[in-house]
Amino acid sequence: MDCKIFVIKTNYSEEELIVLLKEKNEAGFHYLYDHYSGALYGVIFRIVQSKEYTEEVIQDVFVKIWNSILQYDSAKGRFYTWMINIARNTAIDYLKSKGFQNELKNQPLPDFVYNSAELSTTNKTSDFIGFKDVLGGLETDKQELIDLAYYQGYTQNEISEKLKIPLGTVKTKMRNALIKLKDLLKDYQ
């Protein structure tokens, strides 16, 4: 009698995970969700500022990751960064959707207090942990630009209006902030 023993791996490298996802392997998807949902939830929540809406958006984000994994190119950036961009763009698109805007008009928004302890659902090994410390390495004005653009979902035009500075200045400062951030992140790779 020939018995085969299957070992379920509980830890994957980023490269192994990408291969599993490209093969549409369900174990890879479960691993992805278990290890990255907390961090992506935090990014989405900072933009939509509602648990209910965040839960809707995070489902869309994981479907988009699953369906567009073949578009991921490691030469253009890290997998985690690619996923954060999908989460951020999906959250912003959700806020701008007509359905969401109509819903806001038709019902009062619940009052809540921003509580960072509620966002600490991330796995301690996630790439997201410590990112605020990295942002602390930027000048205050650059931190504000990153926060407005990537956590609150403002466009560069909206940032220009909000901070009352020229659009060209916003673009230059944002570019400089991202270059500096990229340099700071080299220590974390």
*Assess Lys76 against Trp82: is NZ or CZ under 6.0 Å from the centre of the six-membered ring, and within 45 degrees of the ring's axis?*
no
_Walk me through whether Met83 and Tyr72 qualify under side-chain contact (heavy atoms from CB on, under 4.5 Å)._
CA-CA 9 Å; Met83 289 190 301; Tyr72 169 69; over 6 Å; no
*Are any side-chain N or O atoms of Glu16 and backbone N or O atoms of Ser13, one a donor and one an acceptor, separated by less than 3.5 Å?*
yes
_Expected output: side-chain Glu23 to main-chain Leu20 donor-acceptor under 3.5 Å_ = no
*asked:* Please find the pair of heavy atoms, one from Ser50 and one from Thr54, that lie closest to each other, and give the distance.
replied: O-OG1, 2.6 Å
*asked:* So, taking the atom named NZ in Lys164 and the one named OG1 in Thr169, what distance separates them when rounded to the nearest 0.5 Å?
replied: 15.0 Å
*Whether over 12 other heavy atoms sit under 6.0 Å from Lys142 NZ*: yes
*Specify the closest pair of heavy atoms between Pro166 and Ser160, including all atoms of both residues, with the distance to one decimal.*
C-OG, 3.7 Å
_Electrostatic pair Arg78-Glu14, nearest N-O below 4.0 angstrom_ = yes
*Report yes or no: does Asn89 contribute a side-chain atom to a donor-acceptor pair with the main-chain N or O of Asn85 at less than 3.5 Å?*
yes
*Once you round to the nearest 0.5 Å, how far does CD of Gln71 lie from CD1 of Ile86?*
8.0 Å
_Check: Phe29 and Ile69 side chains under 4.5 Å, non-hydrogen atoms_ = no
*Where is the tightest heavy-atom contact between Ile44 and Ala91, given as atom of each residue plus distance?*
CG2-CB, 4.2 Å
*For the residue pair Leu32 and Ile65, what are the closest heavy atoms and their distance?*
CD2-CG2, 3.8 Å
*When rounded to the nearest 0.5 angstrom, what is the spacing between CG in Leu148 and CD in Gln156?*
11.5 Å
*Shortest non-hydrogen contact between Leu138 and Ala177, atoms and distance*: CD2-O, 3.9 Å
*Distance-only side-chain donor-acceptor flag, Tyr94 / Asp60, under 3.5 Å*: no
_Would you call the rings of Tyr80 and Tyr36 parallel, tilted or perpendicular, taking 30° and 60° as the class edges?_
tilted
*For residues Asn11 and Tyr31, determine if any side-chain heavy atom of one lies less than 4.5 Å from a side-chain heavy atom of the other.*
yes
*Side chains of Lys24 and Trp66 in contact at under 4.5 Å (non-hydrogen atoms)*: yes
*asked:* With heavy-atom distances below 4.5 Å as the criterion, would you say the side chains of Glu55 and Tyr41 are in contact?
replied: yes
*With a 4.5 Å heavy-atom cut-off, do Lys22 and Ile18 have their side chains touching?*
yes
*What distance do Asp147 atom CG and Arg46 atom CZ have between them, rounded to the nearest 0.5 Å?*
5.0 Å
*Before giving the answer on side-chain contact (heavy atoms from CB on, under 4.5 Å), spell out for Phe62 and Leu40 the whole-Å C-alpha distance, their side-chain angles and the decisive distance to 0.1 Å.*
CA-CA 10 Å; Phe62 278 97; Leu40 296 177; 3.8 Å; yes
_Tell me if the NZ atom of Lys162 is crowded by more than 12 foreign heavy atoms within 6.0 Å._
no
*Taking the side chain as every heavy atom from C-beta outward, state whether Leu163 and Glu144 have any atom pair closer than 4.5 Å.*
yes
_What's the separation between atom OH in Tyr33 and atom CD1 in Ile58, rounded to the nearest 0.5 Å?_
5.5 Å
*May I ask you to test the Ile146-Leu178 pair for a side-chain heavy-atom distance under 4.5 Å?*
yes
*From Thr172 atom OG1 to Met174 atom CE, the distance as rounded to the nearest 0.5 Å*: 11.0 Å
